Amino acid sequence: MQFHATGGPAGRQRTACAVVGIHERGRMTAPARELDGRSGGLIGRVLRRGDFSGKAGEVLPLLGATGPAERVLLVGLGPADKFTRKAWRSAVVAATQWLARSGARAAILYLAREPVSGLDSYYAARLTVESVAGTLYRIPDLKTSRKPPQPRLARVGIGIAGAGLAEARRGIRDGAGIAAGAALMRDLANLPANVCTPAYLAATARRLAREHRSIRVRVLDRAALRRLGMGALLSVTRGSDVPPRLIVLEYRGTRRRTAPVALVGKGITFDSGGISLKQPAGMDEMKFDMSGAASVFGTLKALATIGAADHVVGIVPACENLPDGRATKPGDIVRSLAGRTIEVLNTDAEGRLILCDALTYARRFRPRAVVDVATLTGACVIALGAHYCGLFSPDDKLAAALVAAGERADDRAWRMPLAEEYAELLKSNFADLANVAGRDAGAVTAACFLWKFTDGLRWAHLDIAGTAYLSGKQKGSTGRTVPLLVDWLLHKD
Ligand code: BES
Ligand code: MN
Ligand code: ZN
């Protein structure tokens, strides 16, 4: 898919399909009026007849249009006095869905010319690209039945008010990178665990390094992890026949000589719970338990596609959590890479065990900040649902920067507390700490466990258990956290 910014008036540009917004009560936007003037008042007649209400997300194709556009697609934007980002997004998504089913090979979207609350030309263009590409995304399915035809749509123009063209072009470039990264994340997370194994993730990392000269990769196998002393990570993988990997990616932009940011992603390719086995209902969704890892891959892919200046190290501990005769048992005590001993009271709290070793490993890169990303707790889903991910950090500045990036990127995070009172709940009679506390504040105590391993680091933790994927009819990866992380990395300083 090719995107381009265009500054001219809607009435003068030739295209297979011009997409213009209409507010409720038949209120035309400026591009709609321009087009109406050049097509003999067609849009005005449709509105006067009451054939289009302008509700957010409503679409109406006008196929017999005369003038520079072969087709005109009206899209509802909701009330003119309350033009929210949400209404704008649903208009872009609805337009894309119609275009994908139509025969149009090209289109120009004039929706970004509207002043949407808080969107400048850069973000209007970037979010348009992300929405269009995200809507056209198809799951790598293993169905043998006949597939729906591929959309013909190949070129999408984004109509921009003249003054913002240069900004919009940057937005398109960054949006295309983010879309490519989000698609990679979604592909990896959507694949089943018998395909997307730790070795498959490692092979994907190697492919990224082949595709982008700015990415380097190193993969550690079980023997290397043993030599390092990653006892916490290794305790999780004991019950599985699929061997673990620690995957280290490095993105080297022009600032490659400065201290890197480290991104650590939870890569549990399947989480059965281990001996503390999960309930069967919905257990298939635990193939998504490597979404943190996938978001780190996606973020590096985005940075490489954009050609960002940054220096970023991605660290992905990858393994399966399964029960068998060798599996770690409740009460077992393991020794982490940091030297601290951990009593594994619940083998289903495995994410923190692989992450604490990966966080310790991150220290060797002397990072200027470390952010881990993990589908860490069901408790975070209870607390925040699917709209905000949980953000935990002892560093107010880092937390504020991540929250702000999430707002701008439309990939929001809500800050949650870290406090000694919660951390105390992880006390063990037998080891330095336990891997679980009680039922209360489960997302917070999980974050506190990681906190114990990040002394002296500028660290933040994102719990994406609720935002990384959807359940039910729409089951699948969302690609989320890639927009937030890329935005933060691009606008950090
Ligand atoms: N991967 C799960 C967390 C999870 C749950 C993600 C639901 C997405 C949806 C994690 O490994 C886990 O099992 N956490 C336990 C922790 C508990 C044993 C303290 C949980 O949340 O129940
Ligand atoms: Mn678990
Ligand atoms: Zn898990």
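Bear in mind the structure is a predicted one, so any value in this text is a computation, not a measurement. Start at 1 and go down the list; that is how both ligands and their atoms are numbered. Atoms considered below: every heavy atom in the structure, side chains included; atoms not considered: hydrogens, waters and symmetry mates.
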(request) Give the atom name of whichever N/O/S atom in Asp289 sits closest to the Zn ion (ligand 3). (result) OD2
(request) Return the set of protein N, O or S atoms whose distance to the Mn ion (ligand 2) is under 2.8 Å, each given as residue and atom. (result) Asp271 OD2, Asp348 O, Asp348 OD1, Glu350 OE1
(request) Using a strict 4.0 Å threshold on nitrogen-to-oxygen distance, state whether Arg126 and Asp487 make a salt bridge. (result) yes
(message) We want to know whether Ser471 and Glu285 form a side-chain donor-acceptor pair, criterion being a heavy-atom distance below 3.5 angstrom.
(response) yes
(request) Would you please say whether a donor-acceptor pair under 3.5 Å links the side chains of Thr347 and Ser276? (result) yes
(message) Between Arg256 and Asp310 (salt bridge meaning N to carboxylate O under 4.0 Å), is one present in this structure?
(response) no
(message) Given the ring of Tyr123, does Arg408 sit roughly above its face, with NZ or CZ under 6.0 Å from the centre of the six-membered ring and within 45° of the axis?
(response) no
(request) Report, rounded to 10°, the angle at the Zn ion (ligand 3) between the two atoms OE2 (Glu350) and OD2 (Asp271). (result) 90°
Using distance only, find each side-chain donor-acceptor pair of residues 370-388 under 3.5 Å and give its atom names and separation, not counting sequence neighbours.
unit_1 : atom_1 : unit_2 : atom_2 : d
Asp372 : OD1    : His461 : ND1    : 2.5
Asp372 : OD2    : Trp459 : NE1    : 2.8
Thr375 : OG1    : Asp289 : O      : 3.4
Thr375 : OG1    : Asp289 : OD1    : 2.4
Thr377 : OG1    : Cys380 : N      : 3.0
Thr377 : OG1    : Asp463 : OD2    : 2.8
Tyr388 : OH     : Arg412 : NH1    : 3.4

(message) Any donor-acceptor pair under 3.5 Å linking the side-chain atoms of Tyr469 with those of Asn190?
(response) no
(message) So that I can check it, does any N, O or S atom in Ala374 come closer than 2.8 Å to the Zn ion (ligand 3)?
(response) no
(request) Run the salt-bridge test on Asp396 and Arg415 with the 4.0 Å N-O cut-off and return the result as yes or no. (result) yes
(message) Students should find this: residues with any non-hydrogen atom under 4.0 Å from ligand 1. What is the answer?
(response) Lys266, Asp271, Lys278, Met286, Asp289, Asn346, Asp348, Glu350, Arg352, Thr375, Leu376, Thr377, Gly378, Val436, Ala465, Tyr469
(request) Write out all pairs satisfying side chain to side chain donor-acceptor pair (under 3.5 Å) with one or both partners inside residues 212-233, taking only residues at least two apart or from two chains. (result) His212-Lys301
(message) Using 0.5 Å steps for rounding, measure from the SG atom of Cys319 to the CG atom of Leu353.
(response) 9.5 Å
(request) Using a strict cut-off of less than 4.0 Å between a Lys/Arg side-chain nitrogen and an Asp/Glu carboxylate oxygen, indicate whether Arg206 and Glu211 qualify as a salt bridge. (result) no
